[in-house]
Amino acid sequence: MSGWSQHQGHAIALPIHNVDTDQLIPSRFMSTPRSEGYGRFLLHDLRRDADGDTHPDFPLNRHAHASVLVTGRNFGSGSSREAAVYALVDAGVRAVFAPSFGDIFAGNAINNGLLPARISEEDMSLLFQALAGAALAAEVCLENSHIQIGDLRIGFDLDPGWRTKLINGWDDIDLTLAHRADIERHKEDLIRRAPWVRPALITKSS
Amino acid sequence: MTAPRTLLDKLWSAHEIGRRDDGTSLLWVDRHLVHEGSHHAFSKLAARGVPVAEPGLTFAVVDHYAPTRGRDRIADPQIKYMVETLRKNAHKHSLRLFDLKDPGQGIVHVIGPEQGLTLPGLLVNCGDSHTSTHGAFGALAFGIGATEVAHVLATQTIWQKKPAAMRIRIDGQLGPGVTAKDIALNWIARLGADGAQGHALEYAGSTVRALSMEGRMTLCNLSIEGGARFGLVAPDETTFAYVEGRPYAPAGPDWKAALNHWAELTTDETATFDKDVLLNAEDIAPTVTWGTSPEQAIPVTAAIPDPNQLANGKAQGARDALDYMRLSAGRPIEGTPVDQVFIGSCTNGRIEDLRHAAAVLSGRKAKVSGLVSPGSALVKAQAEEEGLDRIFVDAGLEWAAAGCSMCVGMNGDLVAPGKRCASSTNRNFRGRQGPGALTHLMSPAMVAAAAVTGTITDVRPLLEGRTA
């Protein structure tokens, strides 16, 4: 995963609270191999009617090139499906601005280079007003934690560890393997101290 | 003398291998549970060419795509492919697989505890948000995404920032027909679907102490619907009695050593929480959702709320939900006709749930069709031994095999567009049970009541003179 610190693109408003992961990607698409791309599944059923025709007024249908979403509270609540992040990333989305995010979703976002930027409810309203139904040029700065749309500059919150990870594009597995000796020590200590932690029956189970 | 610590503090420090300057901890994972949905993570592992670090601590089960009928030949090529892929990955990495015909097969959050894989004091991960269920044993259990699943497979560890600590204390006695499901929907309605976000949520109080393990699992399971990735209940005699003798649980001298350790897994009396909430069990009625978020829940005796009278920021969501659910504000929720019912899921697919539902359905006929899918093959066998399957079948409901089934619809068990389902599951999200499906969440007993009358119904009068 490559890191990033600045992003220039277009922002749109999706003024809905509680956009859950089942909306971000309905479960029936989740057996698709990632190599086929998940972008076409993003918000699939909200963007289309029962016959599969797209709603012309839905923000993402009007502005398919948007790379920054400003949305409501509790975005990405629900399941742990990382496919919800794949759908966003594969559709070209790099940052989501919202007052709060599902905890698992936010972690998944970071692991895929997608910024979950926390903003206040007031700033959310300001951005909704500024964007209205339009897609406006926006610049996201990770170093200084702000988004700039025209004259409007709004700051956001992000865990410092997550910021570093997004900027560096760190891969956790590489990072962790550097701690191999500590992990091994913990494991050996655990086996000595609390042998019952290993599952019983383990030898019979293969 | 050490500072007073919460159960979360104790569990966290016991698993912490190290901590980065930014406060993120590297934690040891005691049990890792995988299912068909973990295919992305196995692909990542294959792309790196690394093995599973601890195959003996990794357990695989077919549940999300498990057919509940006609298991001998899976007709749907997509479902067959998902099951086959898990089989290949389990075989390749020498993982114990609970396959479709295994007597221990079932929903991952039902079989973990049932097999004794879930124990107090452990850290349990699974690529599923309802992993919070296992916290009912005083385990640090949380759902993770595919990148994290791959990380746990490769290293048996996970990076995680310690959440804030929250406690919900519930005291008093639950009324007849009121269950752990109602407690959960009640607090989520009160605090919101994001009310516990960023927190590990410990449940305490006399009501929780009086709950069976099944009830505690339901409560912890639904933590995520209120935003908490972790649910916790301190282990006690009820916990130990449940765990003792389970296939993978410690035995002999190990059991005694484990008990000594587990006795310390409590929150110190003077420890404080970042957020503390008090509930009175007597205030909780059978509860049912009317909207498309678990926070949109009301007592079955209440009227559907008027969006104009809701707090700022909730009105539009309520209007959209009512529109989707085809309901009118101000009307009583009770009496709303349903087209079908579903009993099952990792939330409410355990033996006690089936007993509750059967107590209502015994000697009665369902007015609508419905599916009962036990949480595991062992729950199914137990229910059949108790004759519960006959009660469901005699009432006109279908008795099927174990899996996630109609809770998530991945195995083809779907609610048709525009159909209304009374469901013992965990999410009433739009389209969760199938595109256009209308879901009302409630307890298994309430689902049974809806089956009997064909409408959303207060279960309490139907329980009079019966033991639930």
Side-chain angles (χ1 to χ4, degrees), chain A residues 15-18 20-23 26-28 30-31 33-34 45-46 50 72-74 77-83 85-86 100-105 107-108 111-112 121 159-162 164 172-173 175-177 179-180 182-183 185-187 190 194-202 205-206, chain B residues 17-18 20 22-24 26 28 30 37 40 43 48 56-57 78 81-82 94 96 116-117 122 127-129 143-148 150-151 154-157 159 161 193-194 197-198 227 229 247-251 254-255 257-258 261 293 313 317 408-410 417 427 429-432 435-436:
Chain A
I16 317 173
H17 294 299
N18 293 320
D20 58 68
T21 49
D22 280 76
Q23 306 316 304
S27 64
R28 63 185 183 276
M30 281 163 44
S31 56
R34 177 69 191 281
D45 293 352
L46 285 183
R73 202 173 47 239
N74 205 22
S77 49
S79 93
S80 63
R81 60 185 72 172
E82 198 159 298
V85 174
Y86 301 159
S100 61
F101 295 90
D103 287 342
I104 307 178
F105 172 86
N108 290 342
N111 281 329
N112 288 277
E121 296 259 350
D159 175 85
W162 280 0
T164 312
D172 275 349
I173 295 181
L175 210 68
T176 307
L177 292 178
H179 295 266
R180 202 174 265 154
D182 294 333
I183 296 171
R185 205 173 307 124
H186 184 95
K187 179 182 159 185
L190 185 66
W196 52 266
V197 166
R198 305 290 292 187
L201 251 193
I202 202 67
S205 63
S206 50
Chain B
I17 298 164
R20 283 202 303 251
D22 63 35
T24 311
L26 183 64
W28 174 257
D30 296 304
H40 288 297
S43 299
R48 277 183 165 263
L57 302 180
Q78 189 191 3
Y81 173 77
M82 292 302 283
S94 306
R96 164 74 165 102
L117 290 167
L122 300 192
D128 189 278
S129 61
I144 54 179
T147 303
E148 293 172 312
H151 186 275
T155 68
Q156 202 60 28
T157 65
W159 290 99
K161 203 155 205 177
D194 54 356
Q197 223 160 49
R229 196 173 183 177
Y248 289 91
D254 276 352
W255 173 253
H261 180 83
S293 163
V408 68
M410 287 167 148
R427 289 189 174 133
F429 297 162
R430 284 167 185 254
R432 169 83 176 179

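Note that the structure is a prediction, hence the values are computed from the model and not measured. Chain letters run A, B, ... following the sequence lines, proteins first and then strands; every chain starts at 1.
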Met30(A)/Ser79(A) under side-chain contact (heavy atoms from CB on, under 4.5 Å): CA gap, chis, key distance, verdict: CA-CA 12 Å; Met30(A) 281 163 44; Ser79(A) 93; 5.7 Å; no
For chain B, which candidate among [options] shows the most heavy-atom pairs at distances under 4.5 Å?
{"options": "Gly78(A), Pro26(A), Ala83(A)", "answer": "Gly78(A)"}
{"options": "Ile173(A), Leu175(A), Leu177(A)", "answer": "Ile173(A)"}
{"options": "Ala50(A), Pro160(A), Ser100(A), Pro33(A)", "answer": "Ser100(A)"}
{"options": "Asn108(A), Asn18(A), Leu46(A), Asn74(A)", "answer": "Asn74(A)"}
{"options": "Gly72(A), Pro195(A), Ser27(A), Ser77(A)", "answer": "Ser27(A)"}

side-chain contact (heavy atoms from CB on, under 4.5 Å) between Leu190(A) and Asp30(B): does it pass, once the steps are laid out? CA-CA 10 Å; Leu190(A) 185 66; Asp30(B) 296 304; 3.7 Å; yes
Please rank [options] by heavy-atom pairs under 4.5 Å with chain A and give me the top one.
{"options": "Ala193(B), Ala258(B), Gly127(B), Gly431(B)", "answer": "Ala258(B)"}
{"options": "Ala154(B), Gly409(B), Gly198(B)", "answer": "Gly198(B)"}
{"options": "His261(B), Arg229(B), Gln197(B)", "answer": "Gln197(B)"}
{"options": "Asp194(B), Thr155(B), Asp22(B)", "answer": "Asp194(B)"}

Which atoms of [X] are under 4.5 Å from chain B, going by heavy atoms: the side chain, the backbone, both sets, or neither?
{"X": "Arg185(A)", "result": "neither"}
{"X": "Asp182(A)", "result": "both"}
{"X": "Asp45(A)", "result": "side chain"}
{"X": "Asp103(A)", "result": "both"}
{"X": "Tyr86(A)", "result": "side chain"}

At a 4.5 Å cut-off on heavy atoms, which part of [X] comes close to chain A: side chain, backbone, both, or neither?
{"X": "Pro247(B)", "answer": "both"}
{"X": "Arg432(B)", "answer": "both"}
{"X": "Ile144(B)", "answer": "backbone"}
{"X": "Thr147(B)", "answer": "both"}
{"X": "Ala257(B)", "answer": "both"}

Check step by step if side-chain contact (heavy atoms from CB on, under 4.5 Å) holds for Leu57(B) and Gln156(B). CA-CA 8 Å; Leu57(B) 302 180; Gln156(B) 202 60 28; 3.6 Å; yes
Which heavy atom of Ser129(B) sits nearest a heavy atom of Arg427(B), and at what distance?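 Taking Ser129(B) first and Arg427(B) second, the nearest heavy atoms are OG-NH2, 2.8 Å.
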Grab the two heavy atoms, one from Val85(A) and one from Phe105(A), that are nearest each other, plus how far apart they are.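 Closest approach of Val85(A) to Phe105(A), heavy atoms only: CG2-CE1, 3.6 Å.
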Are any non-hydrogen side-chain atoms of Ile17(B) and His179(A) less than 4.5 angstrom apart?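 No, side chains not in contact.
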Measuring only between side-chain heavy atoms, which start at C-beta, is Glu148(B) closer than 4.5 Å to Ser80(A)?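 Counting from C-beta outward, Glu148(B) and Ser80(A) never come under 4.5 Å.
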Charged N to carboxylate O below 4.0 Å: is that the case for Asp22(A) and Arg81(A)?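 So Asp22(A) pairs with Arg81(A) through a salt bridge.
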Rounded distance (nearest 0.5 Å) linking atom OG of Ser293(B) with atom CZ of Arg430(B):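 One gets 11.5 Å once the value is rounded to the nearest 0.5 Å.
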Option from Asp172(A), Thr176(A), Asn111(A) for which side chain to side chain donor-acceptor pair (under 3.5 Å) with His151(B) holds: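 The single option meeting the side chain to side chain donor-acceptor pair (under 3.5 Å) with His151(B) is Thr176(A).
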Set out, in order, the CA-CA distance, both residues' side-chain angles and the distance that settles side-chain contact (heavy atoms from CB on, under 4.5 Å) for Leu122(B) and Val197(A), then state yes or no. CA-CA 7 Å; Leu122(B) 300 192; Val197(A) 166; 3.9 Å; yes
For Arg20(B) and Thr164(A), does a side-chain donor sit closer than 3.5 Å to a side-chain acceptor?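 On atom types as modelled, these side chains do not qualify, holding no pair under 3.5 Å.
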